[in-house]
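Have a look at the structure below, then the notes.
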Amino acid sequence: MPPIKETKTGYSTDVTVLEELVKMDLPEKIVPELILEHRELSKMRSGFVHPLMGAVNEKTGLIHGTFESTSTGTGRLSSRDPNLQNLPAFGQWSTRLKEGLVPRHEGNVYVAADYSQVELRVLAHLCDEKRLKSAFEDHRDVHTETASWVFNVEPELVTPELRRFAKVINFGILYGMSSYGLAARLGIGQQEAGDIINKYFKALPKVKDYVEESYKEARQRGYAMTSFGRIRPLNEVSVNPRDRGALKRIAVNTPIQGTAADIARMAMIKFFHHFEGRKNVHLELQIHDSLVCECAAEEREGIEKELANVMESAAKLSVPLKVETKWGKSLANV
DNA sequence: CATTTAAGCCAC
DNA sequence: AAACGTGGCTTAAATG
Ligand SMILES: Nc1nc2c(ncn2[C@H]2C[C@H](O)[C@@H](COP(=O)(O)OP(=O)(O)OP(=O)(O)O)O2)c(=O)[nH]1
Ligand SMILES: [Mn+2]
Ligand SMILES: [Mn+2]
């Protein structure tokens with residue numbers, strides 16, 4: 001079938017290429033269709049089902065993963081052996097998989113809370129953009145509004161998948177995505193993509209100013225810095241020398257992603273203080289801007305409120321921090 | 001034989 | 001001349 005994209009060593013067969021081949025509606029379209037289906041299924045089996053089952057400790061019956069505290073450039077945690085921060089979140093197989101991940105004790109449930117639009121709130125705090133701040137003061141959902149704007153659908157009709165795509169747009173543009181990159185991701189022309197980027201910064205003028213100012217500061221100081229003083233020396237980051245914009249994008253991203261990471265860490269500390277001595281409340285997972293804990297089913301309602309309160313008060317920004325809570329008998333619900 | 005690299009894909 | 005950022009993991013091929 002026709003080549004669409006090149007890699008270093010040959011022709012690309014990634015998901016966008018295969019979907020393009022299906023769209024071309026050639027007699028052989030069954031081939032990319034079957035490869036796509038195979039990719040999805042084998043990713044699930046060899047990427048999640050097998051490693052997760054293999055990670056179950058024989059004696060405890062539990063998965064004992066490792067959270068690394070000092071292995072990212074921005075201050076985020078990472079998770080390994082197995083990675084529990086990248087469990088599938090969309091699609092039927094995601095639900096099936098996570099139905100198998102359950103609390104250690106019968107009668108217990110998971111309670112989870114995730115910061116709402118966290119890096120956009122951090123951005124609003126850092127750049128003092130009026131429109132962004134009032135959006136959060138008015139409890140609005142900027143991701144949904146972006147989805148509604150870009151994809152021309154009523155906010156009520158924005159699906160979770162569409163909203164996830166809006167995050168790519170919101171954060172992508174903020175962190176320096178080009179019209180080329182946006183066009184490729186949206187499947188539109190570069191002109192149209194450029195228009196979207198221009199409108200984005202026109203709607204939020206202080207964001208553009210902030211991006212430039214933030215980069216200038218970082219370059220002068222030699223390091224990027226979060227709201228709480230975490231630093232990332234820029235001479236330690238390695239970038240492809242052919243990519244001239246890379247260092248700027250890193251310098252702009254780090255204070256924001258890093259500030260969100262600082263907040264998440266403070267929330268974890270607060271969690272331990274708050275729930276100290278409560279033997280049936282355990283923190284199980286941290287997924288960058290969310291915490292998942294296990295507790296007795298009877299205590300669920302109270303824990304949900306306490307967890308939300310702990311996280312929302314972990315730091316004080318010039319915009320409110322908000323979390324969304326969920327609970328369930330397996331990770332499929334949270 | 002073990003380790004490294006490339007491509008690809010899962011998440012936030 | 002490349003063209004959001006932060007990670008971890010699997011597979012196959014290249015490298016040693
Ligand atoms: N640069 C970049 N950052 C991302 C991307 N996806 C997620 N993030 C960062 C920014 C988010 O605020 C943060 C937490 O991810 P979430 O999925 O929880 O999204 P967010 O909190 O923005 O929205 P939500 O929780 O759904 O209200 O991770 C992405 O595609 N690019
Ligand atoms: Mn969030
Ligand atoms: Mn999240």
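As a basis for the values below, the full set of heavy atoms in this structure was taken, side chains included, without hydrogen atoms, waters or symmetry mates. None of these values were measured; they are calculated from a predicted model. A, B, ... follow the sequence lines: proteins, then strands. Residue 1 opens every chain.
- Across the P atoms, B/dG8 and C/dA1 are found 24 Å apart, a figure rounded to whole Å.
- With sequence neighbours left out, A/Glu20 forms a side chain to side chain donor-acceptor pair (under 3.5 Å) with no residue at all.
- Atom CD of A/Glu106 has 12 or fewer neighbouring heavy atoms from other residues, nucleotides or ligands inside a 6.0 Å radius.
- Interface residues of residues 115-125 of chain A facing DNA chain C, ordered by number: none; criterion, heavy-atom separation under 4.0 Å.
- Counting any heavy atom pair closer than 4.0 Å across all strands shown, A/Arg45 reaches no nucleic acid atom.
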Stepwise salt bridge (Lys or Arg N to Asp or Glu O under 4.0 Å) check, A/Glu217 with A/Arg221 = CA-CA 6 Å; A/Glu217 267 183 42; A/Arg221 290 190 304 232; 3.1 Å; yes

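- Between the side chains of A/Ser71 and A/Arg76, no donor N or O sits under 3.5 Å from an acceptor N or O.
- Of all the residues in residues 284-292 of chain A, A/Ile287, A/His288, A/Asp289 reach under 4.0 Å from DNA chain B with at least one non-hydrogen atom.
- Two end axes, each from the C1' atoms of five base pairs, can be drawn for the helix from B/dC1-C/dG16 to B/dC12-C/dG5; they diverge by 10°, to 10 degrees.
- Side-chain contact between A/Asp114 and A/Val323 is absent, with no heavy-atom pair separated by less than 4.5 Å.
- Within the 4.0 angstrom heavy-atom criterion, no nucleotide atom of any strand lies near A/Ser42.
- Taking atom P in both C/dA2 and B/dA6, one finds a spacing of 15 Å when rounded to whole Å.
- Inspection of the A/Gln220 and A/Tyr215 side chains reveals no N or O donor paired with an N or O acceptor under 3.5 Å.
- Where stacking is scored as ring centres under 5.5 Å apart with planes under 30°, A/Tyr175 does not register as stacked on the base of C/dG5.
- A side-chain hydrogen bond (donor to acceptor under 3.5 Å, both in side chains) check over residues 180-204 of chain A, counting only residues at least two apart or in different chains, returns the pairs A/Ser179-A/Gln190.
- Within a 6.0 Å radius of CZ in A/Arg96, no more than 12 heavy atoms belonging to other residues, nucleotides or ligands are found.
- In this structure, A/Met266 is not a member of the same hydrophobic cluster as A/Met225, with clusters built from ILVMFWY side-chain heavy atoms closer than 4.5 Å.
- Under the side chain to side chain donor-acceptor pair (under 3.5 Å) criterion, A/Ser290 pairs with no residue, sequence neighbours left out.
- Distances shown here put every side-chain N or O of A/Arg76 at or beyond 4.0 Å from the OP1 or OP2 atom of C/dT6.
- One can place NE2 of A/His50 at 24 Å from P of C/dG8, the figure rounded to the nearest angstrom.
- Atoms CG (A/Leu186) and P (C/dA3) sit 18 Å apart, rounded to a whole Å.
- Residue pairs meeting the side-chain hydrogen bond (donor to acceptor under 3.5 Å, both in side chains) criterion with at least one partner in residues 30-54 of chain A, sequence neighbours excluded, are A/Thr13-A/Arg39.
- A donor-acceptor contact under 3.5 angstrom links the side chains of A/Arg121 and A/Ser116, judged on distance only.
- Remark: side-chain polar atoms of A/Glu68 are not paired, donor with acceptor, to backbone N or O of A/Thr70 under 3.5 angstrom.
- Residues of residues 78-93 of chain A that place a heavy atom closer than 4.0 Å to DNA chain B, in numerical order, are A/Gln85, A/Asn86, A/Leu87, A/Pro88, A/Ala89, A/Phe90.
- Atom CG of A/Leu77 is separated from atom P of C/dG8 by 11 Å (rounded to the nearest Å).
- Within a heavy-atom distance below 4.0 Å of DNA chain C, the residues of residues 243-259 of chain A found are A/Asp243, A/Arg244, A/Arg249, A/Ile250, A/Asn253, A/Gln257.
- Rounded to whole Å, atom P of C/dG5 lies 11 Å from atom CZ of A/Arg232.
- Distance check, rounded to the nearest 0.5 Å: CG of A/Asn86 to CZ of A/Phe48 gives 4.5 Å.
- Put simply, CZ on A/Arg242 is 8 Å from P on C/dA3, counting in whole angstrom units.
- With a heavy-atom cut-off of 4.0 Å to chain A, the contacted part of DNA chain B has its first and last nucleotide at B/dA6 to B/dC12.
- Using bins of under 30°, 30° to 60° and over 60° for the plane-to-plane angle, the ring pair A/Tyr175/A/Phe171 lands in the parallel bin.
- For the residue pair A/Glu306/A/His274, the side-chain donor-acceptor check at 3.5 Å is satisfied.
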Write down the protein N/O and nucleotide N/O pairs, taken from nucleotides 10-16 of chain C, whose separation is under 3.5 Å; answer none if there are no such pairs.
none

ask   = Yes or no on side chain to side chain donor-acceptor pair (under 3.5 Å) for A/Arg232 and A/Thr226, after CA distance, side-chain angles and deciding distance?
value = CA-CA 9 Å; A/Arg232 180 185 197 177; A/Thr226 70; over 6 Å; no

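- Rounded to a whole Å, the CD atom of A/Glu68 is 11 Å from the C1' atom of C/dG8.
- The stretch residues 321-334 of chain A participates, sequence neighbours left out, in these side-chain hydrogen bond (donor to acceptor under 3.5 Å, both in side chains) pairs: A/Glu304-A/Thr325.
- Residues A/Val109 and A/Cys295 have side chains in contact (heavy-atom distance under 4.5 Å, counting atoms from C-beta outward).
- A/Asn170 and A/Thr146 form a side-chain donor-acceptor contact under 3.5 Å, judged by distance and modelled atom types alone.
- Side chains of A/Thr74 and A/Thr254: a donor-acceptor N/O pair is absent below 3.5 angstrom, by distance only.
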